[in-house]
Amino acid sequence: MNILLAVDGSTYTKKMLAYLAAHDEMLGSSHTYTAITVQPQLPPRARAALGKEVVDKYHAEEGEKVLSPVVKFMARHGVQLKTMTKVGPAGETIAKVAESGKYDLVVMGTHGHGSLGKLVMGSVSTQVLANCQVPVLLVR
């Protein structure tokens, strides 16, 4: 199975990784794994003032901060992990990558906001579910 792990560096990512580690059928050499983190785009004025090179470097560094612990975790469990950092709206971007990359499953932690929280703040997991044709496993 080709599995996409959506990570953001939060405690919910850690819970998702713990879930994978506790379920042998989810974590093993028979699967391929890619971890994706999606960084929000900087405001247009900031991008213009900083320049493309500085902005690209910033996004790469922020992505590395999120992905590095996930790579180490998976390596401890004997799993090789591909990584990618994208920039844009998280939910839509994860869904697009899941479909275009022909993934069989998306696994992500969810913050578990209630209905009011989703209404006010939105939810990345809700956006992924709404925009993705690939099965999604939410770990809370």
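Counting begins at 1 with the first residue of the sequence.
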Asker: Check side chain to side chain contact (heavy atoms under 4.5 Å, CB included) between L137 and all other residues, then give those that pass, not counting sequence neighbours.
Answerer: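 Checked L137 against side chain to side chain contact (heavy atoms under 4.5 Å, CB included); matches are Y19, M26, L105, V107, V139.
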Asker: To the closest 0.5 Å, what do you measure between OH (Y12) and CZ (R140)?
Answerer: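 CZ of R140 is found 8.5 Å from OH of Y12.
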Asker: With rounding to the nearest 0.5 angstrom, report the CD1 to OG1 distance, I3 to T32.
Answerer: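 Going from CD1 on I3 over to OG1 on T32, the span is 7.5 Å.
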Asker: Among I36, V38, T37, find the one that has a side-chain contact (heavy atoms from CB on, under 4.5 Å) with V7.
Answerer: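 When I36, V38, T37 are each tested with V7, the side-chain contact (heavy atoms from CB on, under 4.5 Å) holds only for T37.
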Asker: Residues in side chain to side chain donor-acceptor pair (under 3.5 Å) with T34, at least two apart?
Answerer: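 Once residues adjacent in sequence are excluded, the partners of T34 under the side chain to side chain donor-acceptor pair (under 3.5 Å) criterion are Y103.
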Asker: With no hydrogens and no angle check, is any side-chain donor or acceptor of T13 less than 3.5 Å from a backbone partner on D8?
Answerer: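 Such a contact is found between T13 side chain and D8 backbone.
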Asker: Please name all residues satisfying side chain to side chain donor-acceptor pair (under 3.5 Å) with N131, sequence neighbours left out, ordered by chain then number.
Answerer: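 Side chain to side chain donor-acceptor pair (under 3.5 Å) list for N131, sorted by chain: empty.
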Asker: Side-chain donor-acceptor contacts of residues 92-99 below 3.5 Å, not counting sequence neighbours, with atom names and distances?
Answerer:
| residue | atom | partner | partner atom | Å |
| --- | --- | --- | --- | --- |
| T93 | OG1 | P89 | O | 2.6 |
| E99 | OE2 | Q133 | N | 2.6 |

Asker: Out of curiosity, K15 NZ to S10 OG, how far, rounded to the nearest 0.5 Å?
Answerer: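 Taking NZ in K15 and OG in S10, the distance rounds to 9.0 Å.
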Asker: Quick one: side chain to side chain contact (heavy atoms under 4.5 Å, CB included) partners of A21, sequence neighbours excluded?
Answerer: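 Applying side chain to side chain contact (heavy atoms under 4.5 Å, CB included) to A21 gives L27, F73, H77.
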Asker: What residues, two or more places apart in sequence or in another chain, satisfy side chain to side chain contact (heavy atoms under 4.5 Å, CB included) together with K102?
Answerer: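 So K102 forms no side chain to side chain contact (heavy atoms under 4.5 Å, CB included) with any residue.
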Asker: Assess whether side chain to side chain contact (heavy atoms under 4.5 Å, CB included) is satisfied between D104 and V134, documenting all intermediate values.
Answerer: CA-CA 6 Å; D104 301 308; V134 176; 5.9 Å; no
Asker: Are L4 and L81 connected in a single hydrophobic cluster, I mean Ile/Leu/Val/Met/Phe/Trp/Tyr linked by side-chain heavy atoms less than 4.5 Å apart?
Answerer: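 Each belongs to a different hydrophobic cluster.
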Asker: Under a 4.5 Å side-chain heavy-atom rule over Ile, Leu, Val, Met, Phe, Trp and Tyr, are M84 and M108 clustered together?
Answerer: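 Both belong to a single hydrophobic cluster.
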Asker: With sequence neighbours excluded, give me every ring-ring contact (aromatic ring centres under 6.0 Å, His included) pair touching residues 46-71.
Answerer: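 Qualifying pairs, neighbours excluded: none.
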Asker: Rounded to the nearest 0.5 Å, how far apart are CG of L20 and CG of L5?
Answerer: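 Answer for the CG-CG pair, L20 versus L5, is 6.0 Å.
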Asker: With sequence neighbours excluded, tell me which residues meet side chain to side chain donor-acceptor pair (under 3.5 Å) with S68.
Answerer: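 By the side chain to side chain donor-acceptor pair (under 3.5 Å) rule, S68 matches no residue at all.
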Asker: Show me, pair by pair, the donor-acceptor contacts under 3.5 angstrom made by side chains of residues 60-67, not counting sequence neighbours?
Answerer:
| residue | atom | partner | partner atom | Å |
| --- | --- | --- | --- | --- |
| E62 | OE2 | K65 | NZ | 2.9 |

Asker: Do the side chains of M16 and V79 join up, straight or via other hydrophobic residues, at under 4.5 Å, putting them in one cluster?
Answerer: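 Same cluster: M16 reaches V79 through Ile, Leu, Val, Met, Phe, Trp or Tyr contacts under 4.5 Å.
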Asker: Give every residue pair that meets the side-chain hydrogen bond (donor to acceptor under 3.5 Å, both in side chains) criterion with at least one member in residues 41-53, sequence neighbours excluded.
Answerer: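 Residue pairs with at least one partner in residues 41-53: K52-D56.
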Asker: Got a sec: does the CD of E25 have more than 12 other heavy atoms crowding it under 6.0 Å?
Answerer: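 More than 12 within 6.0 Å, yes.
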Asker: What's the separation between atom CG in L17 and atom CE in M74, rounded to the nearest 0.5 Å?
Answerer: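 Rounded to the nearest 0.5 Å, the CG-CE separation comes out at 7.0 Å.
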Asker: Does Q39 form a side chain to side chain contact (heavy atoms under 4.5 Å, CB included) with T85? I'd like the steps, not just the answer.
Answerer: CA-CA 7 Å; Q39 303 294 312; T85 299; 3.9 Å; yes
Asker: Are Y33 and L138 joined in one hydrophobic group, where the rule is that I, L, V, M, F, W and Y side chains link up if heavy atoms are under 4.5 Å apart?
Answerer: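 Cluster IDs for Y33 and L138 differ.
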